[in-house]
Amino acid sequence: MSSEVGLLVPTPPAIRKIERISPTLYEAAMKCTSRAAWLASGERKLLPPHPRALLGIGVHAVLERARSGVISGTTEDERRVGAEHVFDEKMRELFAATHPLLHAKFDGVDRLPFYNLFRARAAQMAADANVVPSARAREDTPRTGSSGSTVEAALVSRDGRVAGRADVLDAANATVIDYITGAAGDSGPLTESELRQLRLYAYLASENGIAITRGVIERTDRTRAEVPISPQQAAEEGRRALSVLDGYNQHVGRPFESGASPSADACRFCPCIPFCTAFWKSAEAQWNGQCGTHVEGVVESVEGERLISINLNVTRGTGSRGAAVVTRLSREWLTFSGAALPQPQQTVRIIDAAYVEESEAPAVFRADRIGTAVWTVPSQTP
Ligand code: SF4
């Protein structure tokens, strides 16, 4: 029997200096310095991405090419077909390079949940972009669409300490547009986080001589949320981002955990949960609703053939403590890359399971193909 383990909790990185802050990094650092440290310099290939995050990258690739006039076609239908090809090509490339757990869970890239939905939405948004071939711009300059909008514009503040790439900067209409395509879901009103990002893009635009008075969030479900942005609000956001950057850099050289600010809100959707000691020391069962179900425990027994159940004693995390069973784990998800099944006495972390029953012992959790991962904790991990 193999002694390999499938997912071994990695050692967190130390916190390294950041020279400039982006809107995404700003958001992460507002929540937790350690989260931002991972975003800035973590070894991303160690963690399986959420399928929606991969699909989001595919959508952005389509939109970027559509808005810059690279997707050809004189009719909406022709542009839609062209956009679908771009999406398929980008997704094949991403899937080929992704974490092996995703390959164990999904036979092919088009088996990712909501693949066709994201593909259709990206194609429709691209068809709507309607940038004519004559408006194509050179690749080495900010690209300008037929409406005078600058696409995926890389902007840097005058002092070089803030930088970002707005999805669309429409100078003619003084508008910045950001497409939301990630794992956080669709719909809903503008969040505080989205508002901060739009204002920071407006700040970056003003630093480059472009006046922005309106921010728009466009979601994958095609809903839009708009907000006016004053020059004062944009400038204030720029100042805050610089202050956050300075605060972050005070942690440089310290261990990952020194910057951690665990809470149900900060840790929601954080990719660091599998290896973040601060999370495991602080997480409470009450965080479950906001933060999801993540439990650590000692394996007592493992049962099943194709579908595996792990009986364990939960000691930490967002599930109730004590006897529990995690059901419906596919053997392939646990044994990919020739790994052995978890063994009794090993400590494991189950990330993104779903509660089925918690009122009676043992608590029952069900694995979910999209998000669940089982990590083995090395014995010296605190
Ligand atoms: S899990 Fe929570 S405490 Fe840890 S890095 Fe992420 S946000 Fe910070």
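Numbering of ligands and ligand atoms starts at 1, following listing order. Scope of the values below: all heavy atoms of this structure, side chains included, with no hydrogens, waters or symmetry mates.
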Can you check side chain to side chain contact (heavy atoms under 4.5 Å, CB included) on Trp280 and His294, steps first, answer last?
CA-CA 9 Å; Trp280 294 104; His294 318 289; 3.8 Å; yes

Does Cys270 put an N, O or S atom under 2.8 Å from atom 4 (Fe) of ligand 1?
no

Is there a chain of hydrophobic side chains (I, L, V, M, F, W, Y, each step under 4.5 Å between heavy atoms) that links Met125 to Leu117?
yes

All heavy atoms of Leu101 vs all of Phe336, minimum pair found to be CD1-CE2, 3.8 Å

For the residue pair Tyr248 and Tyr26, is the inter-centroid distance of their aromatic rings smaller than 6.0 Å?
no

Please write down residue, atom name and distance for the protein heavy atom closest to atom 8 (Fe) of ligand 1.
Cys32 SG, 2.3 Å

Taking the six-membered ring for Trp, is the centroid-to-centroid distance between Phe275 and Phe256 below 6.0 Å?
yes

Tell me, please: is Arg35 in heavy-atom contact with ligand 1, that is, under 4.0 Å?
yes

What atoms in ligand 1 come closer than 4.0 Å to a heavy atom of Cys276?
1 (S), 3 (S), 4 (Fe), 5 (S)

Starting from atom 2 (Fe) of ligand 1, locate the nearest protein heavy atom and write down its residue, its atom name and how far away it is, to 0.1 Å.
Cys267 SG, 2.3 Å

Heavy-atom contact check, 4.0 Å cutoff: does Ala266 meet ligand 1?
yes

